[in-house]
Amino acid sequence: MSAAGPVGIVLVSHSAQVAAAVAELARGLAAGGATAPVAPAGGAPDGGLGTSAELIAEAARAVDRGAGVAVLADLGSAVLTVKALLAEGDELPERTRLVDAPFLEGAVAAVVTASAGGDLDAVEAAAGEAYAYRRS
Amino acid sequence: MSEPTTLDAAFFRRWLTTAAAAVDREADRLTDLDSAIGDADHGTNMRRGFTAVAAALDKEEPATPGAVLALAGRQLISTVGGASGPLYGTLLRRTGKALGDTPEVTRDQLAQALRTGVAAVAQLGGAVAGDKTMLDALEPAAAALGESFTAARSAAEEGALATVPLRARKGRASYLGERSVGHQDPGATSSALLVAALEEVAR
């Protein structure tokens, strides 16, 4: 168990609906006990498809409970924006980490692991392991 | 007018406001290029970003070249909404950081700092020259800036034109494979606009 509280999860998608729906799915599948905080950060600053640095920073601050924040991102500019924010240091909470994981499956694994009390390393590992799930 | 020997914060503010005007003027062309091989938002995104840059510079009046570039880069990351935001934002912020907090810099110092910025863009995007990206304009421009502003502008414009026969290997255009051949890269084109604006204010 992490002393500071659960790891927070941020889901960054080009689409506000996708980010919100994946957050809902992950929360739903993790239910049964206390759920780790999850915040979607979807869409561009104008509400269309794209990425908003402000929404990402807001979401990260909203889910930060002192145990770190795992960020999952879907494509191109979502990934690049998170990396650019991380590179500058002061815009995201301390111990915010971009996690290399498939967006939906990784989100479910991350929320389940964080809800079970896993620390940031465990959340990252679980999300990344979701790549290994083969359909056939 | 001959080339200025030192470049102060006012010079960098003029560069970015001139660049903002150029982006605004050329936004439709950038979007047209992007609709051929991308998602048709490059002009709109760049216009939104550079409008925010011009407004922020006007309001905050940063006092050093490094601070001007840092502020502009931050605005781009916050407002663009597409991959060009973090890429150009990183370019300007890293270039600004490399300039430090001296009130005036030489062209040589800018050239050196710009090479640091361009390297950071390459690292962030994972692209190399020849991938049909903004690097195809920025790398030759940063190299040629050691010689003169005019050489940098020519190198950027030639670099952008040289992306036409290339096959895209990064970003959404790379999904098109061979079909990306024959189109000029929108990112290399906007990069050439920014370098052209630099040459314009240095005249």
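Computed from a predicted model, the values in this text were never measured in an experiment. Labels below follow one simple rule: chain letters A, B, ... track the order of the sequence lines, proteins then strands, and each chain is numbered from 1.
- A distance of 10.5 Å separates OG1 in B:Thr79 from CG in A:Asp46, rounded to the nearest 0.5 Å.
- Among residues 12-51 of chain B, the residues having any heavy atom closer than 4.5 Å to a heavy atom of chain A are, in sequence order, B:Arg48.
- Here OG of B:Ser78 is found 7.5 Å from CG of A:Leu85. Values are rounded to the nearest 0.5 Å.
- When heavy atoms are compared at a cutoff of 4.5 Å, A:Ser52 does not approach chain B at all.
- Taking chain B as the reference chain and counting heavy-atom pairs below 4.5 Å, the highest number among A:Pro45, A:Gly43, A:Ala44 is found for A:Pro45.
- Contacts between residues 70-80 of chain A and chain B, defined by a heavy-atom separation under 4.5 Å, are made by A:Leu75, A:Ser77, A:Leu80.
- Top candidate by heavy-atom pairs under 4.5 Å with chain A, chosen from B:Gly81, B:Gly171, B:Ser84, B:Gly85, is B:Gly81.
- Taking all atoms of both residues into account, the shortest heavy-atom contact from A:Ala87 to B:Arg94 is CB-NH2, 3.7 Å.
- Annotation: residues 104-142 of chain B contacts chain A through B:Leu124, B:Gly125 [non-hydrogen atoms, separation under 4.5 Å].
- Taking non-hydrogen atoms and a 4.5 Å limit, the residue list of residues 12-19 of chain A in contact with chain B is empty.
- By the 6.0 Å contact criterion, CG on A:Asp121 is enclosed, its count of non-hydrogen atoms from other residues, nucleotides or ligands being greater than 12.
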